[in-house]
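Notes for the one structure printed next.
For this chain, numbers begin at 1 and follow the sequence in order. Quantities reported herein were computed from a predicted structural model and do not represent experimental measurements.
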Amino acid sequence: VQLVESGGGSVQPGDSLRLSCSASGLTFDDYAIAWFRQAPGKVREAVSCISSSGEDSYYADPVKGRFTIARDNAKSTVYLQMNTLKPEDTAVYYCAAGPLILPGASLWYAGSEYDYWGQGTLVTVSS
């Protein structure tokens with residue numbers, strides 16, 4: 001199984017970026033996909049998650065209204081559209097895949113729910 005993130009980069013506050021997570025080696029539409037991030041010196045935090053069907057999505061409070069998650073099961077790819085970026089969004093962003101039942105009892109924000117992780121892509125927001 002391989003998850004590959006792309007789309008990171010250096011931008012200014014207020015700019016937008018779209019991250020992609022391409023998966024291979026798994027039955028993609030059996031898995032919920034989440035984005036996590038880890039800023040320098042901080043613990044990893046959940047950002048967003050989309051259910052296996054794409055019908056349900058979840059967001060952490062700091063990104064609600066600015067980030068949008070979407071998936072294309074035909075392409076085995078999940079996207080994270082990030083708008084109105086802020087310096088505090090600076091982090092390495094990771095995608096993760098897990099057999100979560102959503103909506104349901106699964107804790108989308110818990111890293112332990114995910115079986116597979118990508119290597120990460122760096123997003124830097126600075127003026």
Side-chain angles (χ1 to χ4, degrees):
V1 175
Q2 192 172 22
L3 300 178
V4 179
E5 302 94 338
S6 61
S10 295
V11 297
Q12 295 186 336
D15 285 351
S16 299
L17 277 177
R18 189 178 78 158
L19 304 184
S20 298
C21 172
S22 297
S24 60
L26 76 170
T27 304
F28 187 71
D29 54 7
D30 282 349
Y31 287 82
I33 305 294
W35 288 95
F36 288 77
R37 67 186 182 185
Q38 187 165 18
K42 295 189 176 181
V43 298
R44 184 182 63 195
E45 63 175 353
V47 174
S48 182
C49 176
I50 189 164
S51 63
S52 57
S53 67
E55 293 181 355
D56 299 279
S57 56
Y58 306 83
Y59 299 92
D61 286 344
V63 307
K64 280 182 181 176
R66 300 188 297 122
F67 291 12
T68 303
I69 193 169
R71 68 188 293 158
D72 184 339
N73 283 352
K75 295 182 177 180
S76 297
T77 300
V78 167
Y79 306 98
L80 185 68
Q81 178 66 43
M82 307 187 295
N83 297 331
T84 319
L85 283 160
K86 303 175 180 180
E88 51 264 44
D89 295 319
T90 295
V92 177
Y93 283 71
Y94 300 90
C95 64
L100 284 73
I101 305 301
L102 296 169
S106 297
L107 304 177
W108 73 266
Y109 47 84
S112 58
E113 295 275 5
Y114 299 89
D115 296 335
Y116 306 108
W117 293 79
Q119 293 299 306
T121 186
L122 177 63
V123 172
T124 303
V125 185
S126 174
S127 56

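By the 4.5 Å heavy-atom criterion applied to side chains, C49 and L102 are counted as neighbours. Looking at heavy atoms from C-beta onward, P87 lies in side-chain contact with P13 at the 4.5 angstrom threshold. Within the 4.5 Å cutoff, the side chain of W35 has no heavy atoms near those of the Y79 side chain.
Here CD1 of I50 is found 10.0 Å from CD of E55. Values are rounded to the nearest 0.5 Å. For the atom pair L80 CG and T121 OG1, the distance stands at 11.0 Å (nearest 0.5 Å). Y94 contributes atom OH, which lies 5.5 Å from atom CD of Q38 (distance to the nearest 0.5 angstrom). Y31 contributes atom OH, which lies 10.0 Å from atom CG of L3 (distance to the nearest 0.5 angstrom). In this structure, the separation between OG on S22 and CZ on F28 is 8.0 Å, given to the nearest 0.5 Å. Between I69 atom CD1 and I33 atom CD1 the span is 8.0 Å, to the nearest 0.5 Å.
Summarising the geometry of Y93 relative to R37, their closest heavy-atom pair is OH-NH1, 2.9 Å, with the distance given to 0.1 Å. Between P99 and D115 the shortest heavy-atom distance is CD-OD2, 3.2 Å. Listed here is the closest heavy atom pair of T84 and S16: N-OG, 4.2 Å. Nearest heavy atoms, T68 versus Y59: CA-OH, 3.3 Å. Residue A32 comes nearest to L100 through the heavy atom pair CB-CB, 4.0 Å, listed as atom of the first residue, atom of the second, then distance.
Put simply, the side chain of E5 gets close to the backbone of G120: a donor and an acceptor are under 3.5 Å apart. Panel note: side chain S48, backbone Y58; a donor-acceptor pair is recorded below 3.5 Å.
Y116 and W108 are assigned to two separate hydrophobic clusters, defined by single-linkage of ILVMFWY side chains at heavy-atom distances under 4.5 Å. Hydrophobic clustering (side-chain heavy atoms under 4.5 Å, transitive across Ile, Leu, Val, Met, Phe, Trp, Tyr) groups V78 together with V1.
Within a 6.0 Å sphere centred on CD1 of I101, other residues, nucleotides and ligands contribute 12 heavy atoms or fewer. No more than 12 heavy atoms of other residues, nucleotides or ligands lie within 6.0 Å of CD in Q119, so this atom counts as exposed by the packing criterion.
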Yes or no on side chain to side chain contact (heavy atoms under 4.5 Å, CB included) for R71 and N73, after CA distance, side-chain angles and deciding distance?
-> CA-CA 6 Å; R71 68 188 293 158; N73 283 352; 2.6 Å; yes
Applying side chain to side chain contact (heavy atoms under 4.5 Å, CB included), run through V11 and M82 and close with a yes or a no.
-> CA-CA 11 Å; V11 297; M82 307 187 295; over 6 Å; no
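Between the side chains of D29 and S52, not a single donor N or O lies within less than 3.5 Å of an accepting N or O.
Under the 30°/60° scheme for interplanar angles, the aromatic rings of W117 and F36 are found to be tilted.
In this structure, D89 does not pair ionically with K86, as no charged nitrogen and carboxylate oxygen lie closer than 4.0 Å.
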